[in-house]
Amino acid sequence: MNRRAAIKSIAGTGLALASGIAASQAEQGQFPVPPDTGATRLAQDESFWREVATYYDRTEGIINLEHGYWGKMAKPVLEVYQRATAMVNAQNSYYARKQYGADMMRSTARVADALGVNADEIVLTRNATEAIHALLLNYQGLQAGDSILFADIDYPSFQSTMRWLEANRGVKAVQLTVPNRASQSEMLQLYRQAFEDYPSLKLALLTHASNQQGMVLPIEQIAQLAGEHQVDVVCDCAQSWGLLNFQLPQLAVNWAGFNLHKWIGSPVGVGALYMRRGTLHKVAPYPGELDPENTSVARRVHPATSNFAANLAIPAALDFHQAIGAANKEARLRYLRGLWTNEAENMSHIEVLGGGDEAAWSGLASFRLRGKNSGADVRELQQRLEHDFGIFTVARYALNSGACIRITPQVFTSENEIATLVEAMRRLA
Ligand SMILES: Cc1ncc(COP(=O)(O)O)c(C=O)c1O
């Protein structure tokens with residue numbers, strides 16, 4: 001089977017599900033990656049990635065290096081989603097009331113399987129925010145005088161949620177400032193120090209991969225330290241799942257929030273909440289929901305009427321993601337990032353933000369012009385990149401060191417496009 005036929009058969013799998021017909025395992029194709037090619041070597045195989053790119057519609061008129069917002073569905077996934085939308089619209093309540101429950105459970109099981117956890121530990125949400133809010137806002141372990149921990153590399157809206165807890169629960173919110181460049185061992189030390197300095201800490205928000213500069217925290221080690229200090233951890237995996245290749249048990253956290261609409265390539269409107277069995281008593285059900293035995297993660301959210309078709313497209317999105325290979329995807333994105341960060345590190349007018357070692361880097365990273373860290377400076381830089389060089393990026397503002405430009409390639413980004421960015425950065429001097 002050639003690659004295109006393999007992907008067509010992947011599309012068929014999701015479609016069968018969307019039309020209420022059980023997916024046949026036999027239909028699940030494999031994206032035929034060249035044999036005996038490790039992820040690191042494949043990352044540099046431009047012809048392979050050019051072929052992958054043919055499965056995506058291009059952004060017209062600009063080089064788009066802002067793929068941290070949400071992911072693009074591959075064409076076979078889009079096709080499944082469109083057909084699922086038409087089916088749901090036609091069948092309406094007859095489908096939703098009679099069959100959606102079973103299909104949704106199948107999608108949930110696929111998410112759980114991909115994350116390496118049990119299906120009863122996962123509930124689908126509309127995005128990562130819904131999942132993380134369910135944890136932070138209904139966490140039962142806080143009393144006046146306790147402290148909670150977050151960092152300036154966390155998602156800005158969740159930093160606000162931590163401040164909201166401070167204002168409304170009588171707790172002290174402690175914000176860590178992360179250095180512009182830090183290795184994983186330096187990050188571990190930063191958190192170790194915080195756990196020692198603030199014995200009243202009860203809850204920590206940890207972001208697996210930052211949306212500000214892509215830094216990857218050593219979650220497993222930090223979570224272990226947190227456990228030693230009786231600190232509960234909420235892990236934000238919104239930006240990490242699919243950007244990085246991992247399964248949840250490797251992170252050793254009890255609670256995490258995800259979306260699938262960034263790096264898994266599902267339609268917009270798909271997220272997931274993970275709560276490890278036996279830990280539900282610490283997080284109250286969604287207001288008004290009952291779960292007297294604390295056994296139902298599904299009772300922690302209330303998505304109500306939401307996008308049926310988006311959830312039906314989950315298996316197709318996971319099929320496509322897994323067919324490319326999560327390790328291959330991570331390696332390609334890291335490779336593309338290295339193409340610009342390695343060059344930029346030798347440009348005296350540029351300050352690169354992100355990992356201090358490869359483990360702390362991801363495919364996403366940021367930069368600013370040295371000494372130009374105000375919001376206005378960086379907005380102007382974003383405009384120059386867009387209008388003078390035809391490169392679309394986004395300014396990020398949450399870091400205590402100031403604003404920066406985030407660069408986020410995707411699997412369909414070419415080496416040539418990154419070369420254009422590098423040339424533009426040179427000319428910014
Ligand atoms: C680190 C991080 N956390 C949370 C979110 C929120 O994700 P969602 O839009 O799925 O709620 C994002 C989205 O950009 C993010 O990058």
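Here the structure is a predicted model, which means the values were calculated and not measured. What you see below is based on every heavy atom in this structure, not just the backbone, and it leaves out hydrogens, waters and symmetry mates. As the structure lists them, so they are numbered: ligands from 1, and atoms in each ligand from 1.
When D236, T207, T125, L260 are checked for heavy-atom proximity to atom 2 (C) of ligand 1, D236 turns out nearest. For the residues A238, G269, P156, G68, the heavy atom positioned nearest atom 4 (C) of ligand 1 is part of A238. Among E130, Q239, H133, the residue whose heavy atom lies closest to atom 16 (O) of ligand 1 is Q239.
Counting atoms of ligand 1 from 1 in the listed order, those under 4.0 Å from a heavy atom of N259 are 7 (O), 8 (P), 10 (O).
Using a 4.0 Å heavy-atom cutoff, F158 is listed among the residues neighbouring ligand 1.
For the pairing with E66, the salt bridge (charged side-chain N to carboxylate O under 4.0 Å, His left out) check across R396, K72, R406 returns one residue only, R406.
Side-chain contact check for E166 versus R163: some heavy-atom pair is nearer than 4.5 Å. Side-chain contact check for Q239 versus K262: some heavy-atom pair is nearer than 4.5 Å.
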Exercise for review: Would you please test D291 and R299 for salt bridge (charged side-chain N to carboxylate O under 4.0 Å, His left out) and show each step?
Suggested key: CA-CA 7 Å; D291 184 23; R299 293 272 180 267; 5.7 Å; no
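With hydrogens left out, the protein atom closest to atom 14 (O) of ligand 1 is K262 NZ, 2.5 Å, a heavy atom. For atom 15 (C) of ligand 1, the closest non-hydrogen atom on the protein side is Y155 CD1, 3.5 Å. Closest to atom 9 (O) of ligand 1 among all protein heavy atoms lies H261 NE2, 4.1 Å.
Residues D152 and T177 bring no donor and acceptor atom of their side chains to less than 3.5 Å of each other.
For T129, heavy-atom contacts with ligand 1 shorter than 4.0 Å involve the backbone as well as the side chain.
Ring centers of F412 and H67: under 6.0 Å apart, within the cut-off.
Residue-environment remark: CD (E228) exceeds the threshold of 12 foreign heavy atoms within 6.0 Å.
Remark: ligand 1 and A128 share an N or O pair separated by less than 3.5 Å (distance only, no angle test).
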